[in-house]
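The next block holds one structure in the form of structure tokens; read it before the comments.
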Amino acid sequence: MTAGANPTRVDGAVTAEPTGVDGSVTADPTRVGAEVHPIRADPTRAAGGPAGSGGPTDPAGLRRLAVDTLDANWEHDHTVPSRTLYPHQWSWDSAFIAIGLAQIRPERAWQELASLFRAQWADGRVPHIVFNPAMRVGAYFPGPELWRSASVEGAPAVDTSGLVQPPVHALAALLAYRRAPDPAGLAALRRLYPALVAQQHYLATRRDVAGDGLVCIVHPWESGLDNSPAWDEPMAAVPAEASVMRAYRRHDTVHADAAHRPTDLDYARYLAIVAAYRDHGYADRPLADHHPFLVECPLFNAAFGSAEHALAEIAVLVGADPGPHRARAAQITEALLRRLHDPGTGTFQPRDLRTDRLVSARTVLGLAPLILPDLPARQADAIVVEARSARFGVARRMDRPLPTHDRTAPDFEPLRYWRGPSWLNIGWLVHRGLLTHGHPELAAGLRRSMIDLVGGAGCHEYFHPDTGAGLGSPAFSWTAALLLDLLAD
């Protein structure tokens, strides 16, 4: 939901002014036991990258920086990812942000999730963007005028996109409650539970295009890793010309270096895919017949399975039956193993449904299934081998942060968005998976590396994978939120 909208929860009102865990506006930043190691490389020395502004290196200073970033990006009943590049509400951003808000402002954590789910469509989809009606037309591209959700039956009153993002929301809700397990949090969790179930039902029934138990994404934006090399092969089949972009004004390249962003050809293809989906009324049933981009993504489906595990725990808390969630979680893991596991690499690869082949690019998407607690040990161990390889460099003490793409690949780009740079949300997921599968020392090394990034460059959107220089937005909300979670461990 967006500024100016009624600040109610999914089924209830929120009227209390958000405060810290201890009732104050800024919780005591010294109550963090994190060890912070200085970043080893000077973040201002990124070739072609912006100079790092630097950040505090002590836990108290890091916590203050994170709290200040989240407070500055709070917008009435939700948090914008950044005030420059992303002035609306994004779906999986809000989930990650809620995890951090639970550390300092638990009321806001629940407002964050409730505001997003007020924009849930009648079919259960949670849109990846909820537009702020107070923003002028043309202030963001692609804006509501491209998506035209108002003309679609079952869409909410507020303008939204028609796409979704990885369903990390049930996990976020469970973790938010664990951080602040009070009656208000339990009541909020109880109100949110039916909407979370509806989200999963939509994905399971409308997006299982191949009928194999996995969710199909219909646009690279749905993966969350917009221009990952994982999408190069399926995107190459989407007809488009870069010259199409002459008719539009991209706002991302106004606020960030164009060399760090998706190309105009990427964007032309993105818009072609949006148009194909929109012009069929965002209908999912005929996708196999006409849609140009159909991919089963390992990260999205790992999040899909993880959500069922989280919902089983939430069900116990709210007095519902956890059995169906546990059964569906097992089915999703089995389908991941059957459809997306690549014995040759030992990891998981996206499957292009148009060719029925696994994508060859070795990206961080292949590490994501570690978040599944029921992933068999053999496959989990193989992912850890991949994570520790020269491609990704996870170690007890890391000299460089976790990249989003194989750093030994010829198409590795250390500055361009999801084609190499390090992102805290992906590191956080891998860190969680390492802990889940019994690798606490590797998890600790990755955690220290992520904290070092912010200590060296501040709460940037993403970071140079060699030097740690901050890239993208300099005050990014999920970086701040997940830093708070890492500091609390």
Side-chain angles (χ1 to χ4, degrees), residues 1 3 5-34 59-60 62-81 89-118 168-196 307 310-311 313-318 424-425 428 432 459 477-489:
M1 205 61 178
N6 183 355
T8 56
R9 295 186 187 273
V10 174
D11 286 313
V14 175
T15 57
E17 176 65 19
T19 59
V21 174
D22 58 1
S24 63
V25 174
T26 54
D28 179 5
T30 63
R31 290 158 54 190
V32 182
L62 286 164
R63 184 178 171 96
R64 281 193 299 270
L65 173 64
V67 171
D68 289 348
T69 300
L70 292 173
D71 283 348
N73 288 343
W74 178 253
E75 183 67 29
H76 182 61
D77 63 356
H78 69 275
T79 310
V80 297
Q89 184 175 24
W90 265 258
S91 175
W92 78 328
D93 291 70
S94 280
F96 290 124
I97 289 164
I99 292 168
L101 284 175
Q103 302 283 344
I104 54 166
R105 315 253 194 275
E107 298 87 352
R108 281 190 180 180
W110 297 116
Q111 282 184 283
E112 185 78 41
L113 292 170
S115 66
L116 175 67
F117 276 86
R118 279 198 300 277
V168 291
H169 310 80
L171 176 61
L174 177 62
L175 294 180
Y177 176 73
R178 285 180 181 172
R179 291 296 189 191
D182 56 23
L186 183 58
L189 195 62
R190 184 173 284 112
R191 287 191 291 269
L192 195 59
Y193 174 71
L196 293 167
L311 284 169
E313 293 192 49
I314 293 171
V316 173
L317 291 167
V318 303
L424 242 69
N425 69 322
W428 183 88
R432 184 172 180 82
C459 286
S477 292
W478 81 28
T479 301
L482 296 177
L483 174 65
L484 287 172
D485 192 69
L486 292 167
L487 289 171
D489 286 344

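- Trp110 and Gly185 get closest at one heavy-atom pair: NE1-CA, 3.5 Å.
- Under a 3.5 Å cut-off, the side chain of His169 and the backbone N or O of Ala307 do not form any donor-acceptor pair.
- Val67 and Arg105 get closest at one heavy-atom pair: CG1-NH2, 3.6 Å.
- Contact annotation: the side chain of Asp182 never approaches that of Tyr177 to less than 4.5 Å [non-hydrogen atoms, C-beta and beyond].
- Looking at Ile104 and Arg63, their side chains come closer than 4.5 Å, going by heavy atoms from C-beta outward.
- Across all non-hydrogen atoms, the minimal contact from Leu189 to Leu317 is CD2-CD1, 3.8 Å.
- Pairing each heavy atom of Ile97 with each of Thr79, the nearest pair is CG2-OG1, 3.7 Å.
- Heavy atoms only, all atoms of each residue included: Leu113 and Ala98 are closest at CG-CB, 3.9 Å.
- Looking at residues two or more places apart in sequence or on another chain, you find a side chain to side chain contact (heavy atoms under 4.5 Å, CB included) between Arg432 and Leu171, Leu175, Arg178, Trp428, Thr436.
- Residues that satisfy the side chain to side chain contact (heavy atoms under 4.5 Å, CB included) test with Ala480, not counting sequence neighbours, are Ala66, Thr69, Leu70, Cys459.
- Taking the side chain as every heavy atom from C-beta outward, Tyr193 and Leu311 approach each other to under 4.5 Å.
- Residues forming a side chain to side chain donor-acceptor pair (under 3.5 Å) with Asn73 (at least two apart in sequence, or on another chain): Ser477.
- For Thr479, the side chain to side chain donor-acceptor pair (under 3.5 Å) criterion is met by no residue, not counting sequence neighbours.
- Scanning both residues, Gly100 and Leu484, for their nearest heavy atoms gives O-CD1, 3.7 Å.
- Using a distance-only test at 3.5 Å, with no hydrogens or angles considered, a donor-acceptor pair links the side chain of Ser115 to the main chain of Asp77.
- One finds no salt bridge joining Asp71 and Arg64 here, because no Lys/Arg side-chain nitrogen approaches an Asp/Glu carboxylate oxygen to under 4.0 Å.
- Although no hydrogens or angles enter the test, the distance criterion places no donor-acceptor pair under 3.5 Å between the side chain of Glu112 and the main chain of Ala95.
- Two residues are said to be in side-chain contact when any heavy atoms from C-beta on lie closer than 4.5 Å; Pro106 and Arg179 fail this criterion.
- A heavy-atom distance below 4.5 Å is not found between the side chains of Trp90 and His78.
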